[in-house]
Amino acid sequence: MLKDLRQTLQDTLTNDSSIRVLYSDDGGVYAFSSGLSSENNGDILQIADINRDIVPHAIDRKKGGVELGRFEFQKENWFGRIVTIKPLNSEHIHLLMATKASSIFDEGLLIQQQTLYASLIVLLLMLPCIYLVSRLISKPIVRATEKAKAIENFSFDASPLPHSYIKEIQELNHAQMSTQATISRFITLTDGIARQQNLDSMLELVCGNTADSVSADGVLLYLLDAKSNELVPHVVQFNSAQNVHAKSISTQDATRFIEHAFVDKNTQVFTVSELSHLQVEASFPEKSEVIYIPLKNREEVVIGALGLMFENGGADSIYQGHADYLQTLLGYVSVAIETQQMLESQRALLESFIQVFAGSLDKKSPYTAITASECPS
């Protein structure tokens, strides 16, 4: 039995400096095991027989009421503990367990070094994989950067960027292509507006391009006629219903359209059924909506209104998604319309002046009547 007990204690040893002693109050030893195999002698019957000075030292500390824990012996640090077992109607049995602190720390240092070396090996093996993955990720970023530089220089390439399996990069590519399309559309449109000499042609160009940019199903453009004090339709374009007629609107009418567009100068959404100035032969869906955006000149005076029709509704949410673009574009268009109207007024004034001047020449000399009458042409 003592042999089995001694073997059990031997199995709990962790290093060469470990000691296990099972003893009684009178110093009798039931079992003794040490990390040094030469000391595991079954003939040891008393503590005094153990050839390890640490054992009586530890037992004396315990008897003195001092817990072992971490203590110093012969200028070396030790960890130890004595556990007391109290069987019924029997003397106390004590189990001494002790080991050098250096042995424990040496093993911990060895584990730390092994872990460090293993980590370095794994890192070295992973470096090629990390490089390949980083290159795979960086390529679309480089392409996106080059695309951004091209847009900055107004170099618009319509070819799409390659698809990326990284969600964020794919969203960035989509945003860049949308930005390019918006800037390109704006530049093309403003260039077209600047080149147009005819007001009606310019208005048709603006309305068609604006409707395409927001995927509207129809577009209307009203301009204010200061002489008749009416809003006159200049452009009426619808995709699904070609037989749409727009009537002139008196600014004196107390309608929601006049109130919001010309009094409050606000963008407002209307259902098609609310707009009495529209005459439609083919019926629109009930949820069809028209959003009117006021056109203002340099003095913030409303000179007209642009209407965008959406058969499936949701006009306000669509407008909010393109509000900045539409406001910038329509601000430019308003100035262009005002400039065209001023040019037409000046042209009419010049023609009137020429006719008056020619008439005055006719009255002064009948010989110049034929030549003067041909001057306006």
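Because the structure is a prediction, the values reported are computed rather than measured.
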Minimum heavy-atom distance between E259 and V263, given as atom pair plus value: O-CB, 3.1 Å

Would you say T267 and D316 make side-chain contact, with heavy atoms under 4.5 Å? no

Compute whether any side-chain donor of one residue and acceptor of the other, for H94 and T84, lie under 3.5 angstrom apart. yes

Ignoring hydrogens and geometry beyond distance, is a side-chain donor-acceptor pair present between Q320 and S317 at under 3.5 Å? no

Tell me whether H322 contacts the main-chain N or O of I318 through its side chain, where contact means a donor paired with an acceptor under 3.5 Å. yes

Quick one: are C207 and L306 in side-chain contact, heavy atoms under 4.5 Å? yes

For E300, all residues meeting salt bridge (charged side-chain N to carboxylate O under 4.0 Å, His left out), sequence neighbours excluded: K296

Check step by step if side-chain hydrogen bond (donor to acceptor under 3.5 Å, both in side chains) holds for N229 and T251. CA-CA 6 Å; N229 211 20; T251 56; 3.1 Å; yes

Could you pull out all residues at least two apart from Y292 that satisfy side chain to side chain donor-acceptor pair (under 3.5 Å)? H277

Please name the pair of heavy atoms, one in A148 and one in Q176, separated by the smallest distance, quoted to 0.1 Å. CB-NE2, 3.4 Å

Only pairs at least two apart or in different chains count here, so list each ring pair (Phe, Tyr, Trp, His ring centres under 6.0 Å) that has a residue in residues 112-142. none

Can you confirm whether K147 sits close enough to R143 that some side-chain heavy atom of one is under 4.5 Å from a side-chain heavy atom of the other? no

Say whether, by atom type as modelled, one donor and one acceptor occur between the side chain of E289 and the main chain of A315 under 3.5 angstrom. yes

Enter the distance from E76:CD to F71:CZ here, rounded to the nearest 0.5 Å. 11.0 Å

Could you report the tightest heavy-atom contact between G80 and L68, atom names first, then the distance? O-CB, 3.1 Å

Please report, to 0.1 Å, the donor-acceptor pairs under 3.5 Å made by any side chain of residues 56-63, with sequence neighbours excluded.
from, atom 1, to, atom 2, distance (Å)
K62, NZ, E67, OE2, 3.4

Judged by atom type as modelled, is there a donor-acceptor pair below 3.5 Å linking the side chain of D264 to the main-chain atoms of N266? no

From E274 atom CD to Q268 atom CD, the distance as rounded to the nearest 0.5 Å: 8.5 Å

Rounded distance (nearest 0.5 Å) linking atom OG of S334 with atom CG of L295: 4.0 Å

Identify the two heavy atoms, one from D217 and one from N312, that lie closest to each other, and give their separation to 0.1 Å. OD2-N, 4.5 Å

To the nearest 0.5 Å, how far apart are CG in L172 and NZ in K167? 14.0 Å

Side chains of D200 and H234: does their closest heavy-atom pair fall under 4.5 Å? yes

How would you list, by chain and number, every residue that makes a side chain to side chain contact (heavy atoms under 4.5 Å, CB included) with T328, sequence neighbours excluded? F186

Between CG of L116 and CD of Q114, what distance do you get to the nearest 0.5 Å? 11.0 Å

To check you understand the geometry: which heavy-atom pair defines the closest contact between S213 and Y325, and what is its length? OG-CE2, 3.7 Å

Do E311 and M309 come close enough that some side-chain heavy atom pair is under 4.5 Å? yes

Among side-chain atoms of Q327 and Y332, is any donor-acceptor pair under 3.5 angstrom? no

d(F270 CZ, H260 NE2) to nearest 0.5 Å is 5.5 Å

Can L205 be reached from L308 by stepping across I, L, V, M, F, W or Y side chains whose heavy atoms are under 4.5 Å apart? yes

Check for a donor-acceptor pair, side chain of S119 on one end and backbone N or O of T115 on the other, with a separation under 3.5 Å. yes

For residues F257 and I249, determine if any side-chain heavy atom of one lies less than 4.5 Å from a side-chain heavy atom of the other. yes

Close side-chain approach of Y319 to V214, heavy-atom, < 4.5 Å: no

Taking the side chain as every heavy atom from C-beta outward, state whether I54 and I19 have any pair of such atoms under 4.5 Å apart. yes

With clusters defined by side-chain heavy atoms of hydrophobic residues (ILVMFWY) lying less than 4.5 Å apart, directly or transitively, does L127 cluster with L120? no

Work out which heavy atom in Q46 is nearest to a heavy atom in D26; give both atom names and the distance. OE1-O, 3.9 Å

Show me, pair by pair, the donor-acceptor contacts under 3.5 angstrom made by side chains of residues 221-228, not counting sequence neighbours?
from, atom 1, to, atom 2, distance (Å)
Y222, OH, K247, O, 2.9
D225, OD1, K227, N, 3.1
D225, OD2, S228, OG, 3.3

